[in-house]
Amino acid sequence: MFGAVQLGLFAACVVLFVPMGMAGWHLSRNKVLFFSGALFITLAVGVHLTPYFPSVSDFMSSVKSSNDDVVFVEDRGLCVSLLHEIAWEVMPSKVFDPLLRNNSLNYDKFWSWSRLNSVSECEFQRLKRKDVMDLLNGSWVMIVGDSQARIFTLSLLSLVLDSERVESVRSFLFKRHSDYHIDIDEMGLKLDFIWAPYPNNLTDLVMRFKKKHLYPDVLVMGSGLWHMLHITNASDYGGLLGLLRNSVTSMLPVSPKFGNDEPAMGSVSSVRSPHLFWLGMPTLINSMLNTQEKRVKMNDVMQGEYEREVRKSGILREFGGPFQLLDIGSLSLNCGIKCTDDGMHYDGAVYEAELHIMFNALLIESHQKL
């Protein structure tokens with residue numbers, strides 16, 4: 001790239017050596033003086049006009065910047081596919097209680113993103129409270145589903161509220177089979193948890209959104225465990241997911257393609273497209289389930305059939321659907337048996353990790369970086 005100094009030296013060489021070259025070709029003295037004067041005037045005018053035009057270095061920088069942006073856009077899909085590359089470290093707690101034996105409270109859990117180069121290049125972030133406040137500022141977040149969704153809601157509250165306030169809201173949040181709403185004024189966040197354990201409950205909610213023409217900024221949905229336990233029919237479950245998919249894609253102003261050029265969160269748009277996430281089912285550890293009915297109905301074979309129906313339904317973005325997967329199943333599997341006490345509900349670290357995966361998906365999808 002040419003800087004100002006290099007350009008000046010180049011101009012001086014032109015003024016000095018071009019006339020000398022002309023003289024070497026036996027041009028007359030008057031012609032040499034004429035050409036040297038013309039060159040001098042042209043270069044002088046050019047130097048004075050240069051500040052009014054982009055410099056070469058600026059032009060090259062802008063080209064490089066544009067190329068970097070293009071690479072980022074092209075790599076977004078790859079980074080989304082790597083979001084669940086989480087590494088776990090589970091070790092006995094320093095205050096290990098032998099009376100609790102293998103209780104999850106006896107183990108400390110630490111998670112981080114994999115150190116593979118492809119993952120590192122995505123620069124995933126473990127957001128702090130201030131970062132989350134910036135990301136979700138002025139947003140309406142709705143989390144819909146069963147007990148898995150309720151624990152996920154608690155993880156979000158634990159991140160944005162102080163510990164004393166979290167304890168004060170816990171009893172209201174975990175009131176059996178009930179909804180919960182909270183306004184967090186300091187960050188302009190409106191958060192709703194909706195108890196909806198069956199897929200048709202989710203579809204009914206989508207219909208209400210459409211009727212009111214009012215949608216949350218972030219919508220997290222998940223369902224499956226109650227259907228598996230009380231109905232135990234994988235094909236019926238898949239059919240209900242298909243109806244939910246059709247309702248979402250036809251009624252909400254969204255595109256199934258991840259990463260459309262949507263406005264960033266908090267910006268004004270004539271039609272606001274919600275960010276949609278599907279909270280997957282956890283890995284069930286059959287021997288640890290706390291009732292005989294659960295151990296019989298929620299066996300490994302049945303869980304596999306339900307997972308296949310999720311993929312077949314096309315509800316997930318990776319299969320052309322509207323929802324980005326929050327894969328609790330893979331996180332709970334990799335965290336392992338020491339991360340659960342009942343084989344179904346996992347330690348808070350699992351849901352915390354999934355929460356940060358969602359945050360990073362939001363950053364990618366809305367073209368932001370904190």
Side-chain angles (χ1 to χ4, degrees), residues 80 139-150 152-153 156 177-181 190-263 265 269-281 305-329 354 358 361-362 365-366:
V80 169
S139 297
W140 176 21
V141 177
M142 181 175 287
I143 302 172
V144 188
D146 52 23
S147 56
Q148 299 294 316
R150 199 186 296 272
F152 188 76
T153 304
L156 176 55
H177 300 173
S178 63
D179 301 340
Y180 176 77
H181 171 82
K190 182 168 69 172
L191 174 63
D192 282 291
F193 165 75
I194 305 297
W195 171 254
Y198 293 103
N200 53 296
N201 300 143
L202 308 182
T203 304
D204 292 343
L205 181 63
V206 171
M207 298 286 285
R208 292 200 295 272
F209 286 152
K210 182 62 178 179
K211 184 176 181 180
K212 295 180 179 179
H213 300 284
L214 187 63
Y215 314 102
D217 299 288
V218 179
L219 178 60
V220 181
M221 288 184 157
S223 172
L225 294 177
W226 273 60
H227 192 284
M228 189 187 305
L229 177 61
H230 298 293
I231 299 179
T232 324
N233 186 324
S235 60
D236 178 75
Y237 174 69
L240 293 173
L241 290 185
L243 293 176
L244 173 61
R245 178 192 186 279
N246 293 339
S247 297
V248 171
T249 54
S250 65
M251 295 184 181
L252 294 182
V254 297
S255 167
K257 182 178 179 182
F258 183 86
N260 271 355
D261 293 329
E262 300 173 349
M265 295 181 63
S269 173
S270 58
V271 179
R272 184 179 61 207
S273 297
H275 300 270
L276 301 174
F277 295 93
W278 182 259
L279 193 63
M281 288 184 287
E305 291 180 3
Y306 269 68
E307 293 293 351
R308 279 191 292 275
E309 289 298 329
V310 173
R311 294 191 293 272
K312 285 170 56 178
S313 70
I315 201 169
L316 302 179
R317 277 204 178 113
E318 60 183 302
F319 302 108
F323 289 92
Q324 175 65 30
L325 176 64
L326 298 177
D327 194 358
I328 289 289
E354 196 64 78
M358 185 186 77
L362 286 171
E365 185 171 0
S366 56

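Glu309 meets the salt bridge (charged side-chain N to carboxylate O under 4.0 Å, His left out) test with Lys312; sequence neighbours excluded. Partners of Ser147 according to the side-chain hydrogen bond (donor to acceptor under 3.5 Å, both in side chains) rule, which considers only residues two or more places apart in sequence or in another chain, are His345.
In this structure, the side chains of Trp278 and Leu241 come closer than 4.5 Å at one or more pairs of heavy atoms. Taking 4.5 Å as the limit, every side-chain heavy atom of Gln324 sits out of range of all side-chain heavy atoms of Met358. Under the 4.5 Å side-chain criterion, counting only non-hydrogen atoms from C-beta, Phe319 is not in contact with Arg245. In this structure the side chain of Val144 never reaches within 4.5 angstrom of the side chain of Leu279, judged on heavy atoms. Two residues are said to be in side-chain contact when any heavy atoms from C-beta on lie closer than 4.5 Å; Asp179 and Asp192 fail this criterion. A heavy-atom distance below 4.5 Å is found between the side chains of Val206 and Met221. For the pair Gln148 and Met281, the minimum side-chain heavy-atom distance is 4.5 Å or more.
For residues 226-237, the pairs satisfying side-chain hydrogen bond (donor to acceptor under 3.5 Å, both in side chains) are His227-Asp236, His227-Tyr306, Asn233-Ser235, with sequence neighbours left out.
Between the OG1 atom of Thr153 and the CD1 atom of Ile143 there is a distance of 3.5 Å, given to the nearest 0.5 Å. The structure places OG of Ser247 at 11.5 Å from NZ of Lys210, a figure rounded to the nearest 0.5 Å. Of the inter-residue distances, the one linking Glu365 atom CD with Phe277 atom CZ reads 6.0 Å to the nearest 0.5 angstrom. Between atom CE of residue Met207 and atom CG of residue Leu244 there is a gap of 11.5 Å, rounded to the nearest 0.5 Å.
Shown here for Pro274 and Pro216, the closest heavy-atom pair between the two residues is CB-O, 3.2 Å. Minimum heavy-atom separation, Ser313 to Gly238: CB-O, 4.1 Å. Across all their heavy atoms, Arg150 and His177 have their closest contact at NH2-N, 3.6 Å. Nearest approach of Ser366 to His275, heavy atoms of both residues: CB-CE1, 4.3 Å.
Residue Trp140 forms a side-chain contact (heavy atoms from CB on, under 4.5 Å) with just one option from Leu214, Val218, Leu219, and that option is Leu214.
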For residues 194-205, tabulate all N or O donor-acceptor pairs below 3.5 Å that involve a side-chain atom, not counting sequence neighbours.
from, atom 1, to, atom 2, distance (Å)
Asn201, OD1, Tyr198, N, 3.0
Thr203, OG1, Pro199, O, 3.4

